[in-house]
Amino acid sequence: MLELHHVLMVSVAMLGIGTIGMLVRRNAIVMFMSVELVLNAGNLNFIAFSRFLPDPVGQVFSVFVIVIAAAEVAVGLAIVLALYRNRDTVMVDEAARMKW
Amino acid sequence: MPEFEIQVVLPTLVPAAYGLLLLLFTPALRDDRRWLWAVSLGGMALAAFFPAWLLFRAGATGETAGLPGRPMVVMDPLSLWLDLLFAIAGFLALLLVPAYLDRARAHRPEIYPLMLLAVAGMTILVATTNLVMIFLGLEVLSIPLYVMSGLTREREASIEAAFKYFLLGAVAAAFLVYGIALVYAATGHLDLGDVATAAGAVLETGGARAGLLAAGLAMILVAFAFKVGAVPFHFWAPDVYQGAPTPVTAFMAVGTKAAAFGVLLRLLPGTAGAAEALARRWLPVVAALAVATMVGGNLVALVQVRVKRMLAWSSIAHAGYLLLALLAPLAIGARNLLFYLVVYTFMTIGAFAVVSLFQEEEGDDADQLDRFAGLWKRRPLLAIAMGIFMLSLAGIPPMGGFTGKYVIFVTALRTGHPVLAAVMGLAAVVGAAYYLRVITTMFLREPSGELPAGVSVSLAPGLVLAVSAVLTIVLGLAPGLVLGPLGEIASGMIGP
């Protein structure tokens, strides 16, 4: 039987992988994927709590998050594409010119 | 079944409708930029008119409107006042846009609908007590801003700004979702009122649920600290402010900050009001953020050689003062915070308006401090306007910035935060140094080298400068005009 804490462990693992990925990876697309992992960790939490509370509002929220995340992906990939055209790289260390 | 009252959503509906319609027609009317500009200005004026009208009709302490129970959209004096501020900031920023884009050789009319959509997002953000809507509003506000920062994509800095802003904004949004999920887990509610009620009981019993609640609120606080650019979550701000097109920077610096602080006003005191135990936990955290932000922002601003980047660091420092205002008891703290936001709007947009006039032939920003040398001899009026904004940002009487800082300082002193007040005083003194450096450069140094592309002030930016300068002085000389009504709004907020 799937218990609440099983789901939560997966979600915490996703949060951890996502956060570490954002900190250590330097490829813009991979960093972006890591952010999405954290976002979906939150989603998973919502659905799990909604199932076990039980309360339908959490599921509604996760639908909102999915829609917003889709819009964010569209804008984000466009920005990464523009960055690539401008600098010929998506490695953030090479792309960053502004410091301090 | 209560009837749906349309005026509750009017402040959001007007900019959203204008934005979507403009977005529809922009591809067909790419060449009629003046026309698109005029329509977007009209939309922004209407977006300012409706909150002002509703505020006038309801009276400053008028009852809140909305559906009974726990509505997802509320209309109260706080939200209306902030809606008005967003629309004014958007209007002033729009006035700067065509002159800047013409010089930058970036003819991108998409900026007009995006600006309206960002304003719509801000109005969603402040007109709710529901965490779902807060997330929704934050994203509707942020996504157009990501695009707008990268709009002049021929400039290397612009696309880098868009990318950094997007990546860190997405991180903040992801943390916000996770934080809301934890709060939802601990309390079973998403409305701030219900959360506050449940939080008291949860904290009393302690255990895993209390931990979840604390972790969730911490993550939400981190997300908003990102958005207001509080140290140590500020590192995106200087790059983004420097890289983004200057009118967008002006709008972003003012609008995002006002919107995020509007949410914090509901979030922190609202939650703490019902649960003293919670207040004891978040007060030291906000105090630490405020100190780090005031000191860090002012110190790093000292060593900047580009005026735009210096203003970015100064805007971080100002977020610190606003955080300090948040620590005071709600009735007085909210008044001080809102007053400071009003003054900040005009002096910051004015300062960025001056910077937006400094451009190279190729459209790059020519905002090095040296370019301002001897401005007084070449463009006296422009130098006087910039001088007014600098004095106000530095907090020197009789400018509005002084009054704003003064009320926050005195309140902090009287409500048991003398150390924080002292830090604020010292930080402001350090900060005055770099603002005064701009003034001495403009007035005392001899003009050297070329004035970039013959800085000229056309009608629209001139209007922005005049309005901002006059209001900055008026707010300093007669602060009662605004402080009075704001005081009534703030005392209305403690009610049920």
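Each chain gets a letter, A, B and so on, in the order its sequence line appears, and its residues count up from 1. If you're wondering where the values come from, they're calculated on a predicted model, not measured in any experiment. These values consider heavy atoms only, across backbone and side chains, with no hydrogens, waters or symmetry-generated copies.
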Peer 1: Around Arg25(A), counting heavy atoms of other residues, nucleotides and ligands shown, do more than 12 lie under 6.0 Å from its CZ?
Peer 2: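 Incorrect, the count does not exceed 12.
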Peer 1: Give a yes or no on this: more than 12 heavy atoms of other residues, nucleotides or ligands lie within 6.0 Å of atom CZ of Phe52(A).
Peer 2: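 More than 12 within 6.0 Å, yes.
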Peer 1: Which region of Ser50(A), side chain (C-beta onward) or backbone (N, CA, C, O), has a non-hydrogen atom less than 4.5 Å from a non-hydrogen atom of chain B, or is it both or neither?
Peer 2: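 When you check distances to chain B, atoms from both the backbone and side chain of Ser50(A) fall under 4.5 Å.
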Peer 1: For Met22(A) and Val171(B), work out which heavy atoms get closest and say how close.
Peer 2: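 In this case the closest contact between Met22(A) and Val171(B) is SD-CG2, 3.1 Å.
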Peer 1: Looking at His189(B), Glu139(B), Glu156(B), Arg153(B), which one has more heavy-atom pairs under 4.5 Å with chain A than the rest?
Peer 2: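 Top option by heavy-atom pairs under 4.5 Å: Glu156(B).
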Peer 1: Parallel, tilted or perpendicular: which describes the rings of Tyr184(B) and Phe49(A), with under 30° parallel and over 60° perpendicular?
Peer 2: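 Tyr184(B) vs Phe49(A) ring planes: perpendicular.
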Peer 1: Give me the atom names and distance for the closest heavy-atom approach of Glu72(A) to Tyr146(B).
Peer 2: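 The pair with the smallest heavy-atom distance is OE2-OH, 4.2 Å.
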Peer 1: Can you find a heavy atom in the side chain of Ile79(A) that is under 4.5 Å from one in the side chain of Tyr165(B)?
Peer 2: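 Ile79(A) does not reach Tyr165(B) side chain to side chain.
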Peer 1: Using side-chain heavy atoms (C-beta onward) and a distance below 4.5 Å, is Phe46(A) in contact with Leu190(B)?
Peer 2: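 Sidechains of Leu190(B) and Phe46(A): in contact.
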Peer 1: Tell me, out of Gly188(B), Ala157(B), Ser142(B), Gly179(B), who's got the most heavy-atom pairs with chain A below 4.5 Å.
Peer 2: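 With the most close heavy-atom pairs to chain A, the winner is Ala157(B).
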Peer 1: Is Ala28(A) close to chain B through its backbone or its side chain, or both, or neither, when contacts mean heavy atoms under 4.5 Å?
Peer 2: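 Both parts, backbone and side chain.
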Peer 1: Heavy-atom distance under 4.5 Å to chain B: side chain of Leu53(A), backbone, both or neither?
Peer 2: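 When you check distances to chain B, only side chain atoms of Leu53(A) fall under 4.5 Å.
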Peer 1: Identify which part of Arg85(A) has an atom lying under 4.5 Å from any heavy atom of chain B, answering side chain, backbone, both or neither.
Peer 2: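 Neither part.
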Peer 1: Within the 4.5 Å heavy-atom criterion, are Val12(A) and Tyr178(B) side-chain neighbours or not?
Peer 2: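 A side-chain contact exists here, since the closest heavy-atom pair is under 4.5 Å.
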Peer 1: Check whether Ser11(A) gets within reach of chain B through its side chain, its backbone, both or neither, counting any heavy atom under 4.5 Å.
Peer 2: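 Both backbone and side chain of Ser11(A) come within 4.5 Å of chain B.
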Peer 1: Under a 4.5 Å heavy-atom cut-off, does chain A meet the side chain of Ile180(B), its backbone, both or neither?
Peer 2: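 The answer is both parts of Ile180(B).
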Peer 1: Looking at Leu4(A), Asn45(A), Val38(A), which has the largest count of heavy-atom pairs under 4.5 Å with chain B?
Peer 2: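 Winner by heavy-atom pair count: Asn45(A).
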Peer 1: In the structure I gave you, are the side-chain heavy atoms of Met219(B) and Leu15(A) within less than 4.5 Å of one another anywhere?
Peer 2: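 They are in contact (side-chain heavy atoms under 4.5 Å apart), so the answer is yes.
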Peer 1: What part of Phe135(B) is in contact with chain A, defined as an atom under 4.5 angstrom from a non-hydrogen atom: side chain, backbone, both or neither?
Peer 2: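 Interface part for Phe135(B): side chain.
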Peer 1: Pick from Val147(B), Leu167(B), Leu131(B): which one has the most heavy-atom pairs with chain A under 4.5 Å?
Peer 2: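 Highest number of heavy-atom pairs under 4.5 Å: Leu167(B).
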Peer 1: At a heavy-atom separation under 4.5 Å, does Ala312(B) approach chain A through its side chain, its backbone, both, or neither?
Peer 2: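 For Ala312(B), no heavy atom lies under 4.5 Å from chain A.
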Peer 1: Looking at every heavy atom in both Gly42(A) and Val177(B), which two are closest together, and how far apart are they?
Peer 2: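 Minimum heavy-atom contact is CA-CG1, 4.0 Å.
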Peer 1: Got a sec: does the CZ of Arg51(A) have more than 12 other heavy atoms crowding it under 6.0 Å?
Peer 2: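 No - once you tally the heavy atoms of other residues, nucleotides and ligands closer than 6.0 Å, there are 12 at most.
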Peer 1: Taking the side chain as every heavy atom from C-beta outward, state whether Leu136(B) and Ile68(A) have any pair of such atoms under 4.5 Å apart.
Peer 2: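 With C-beta onward as the side chain, the pair touches.
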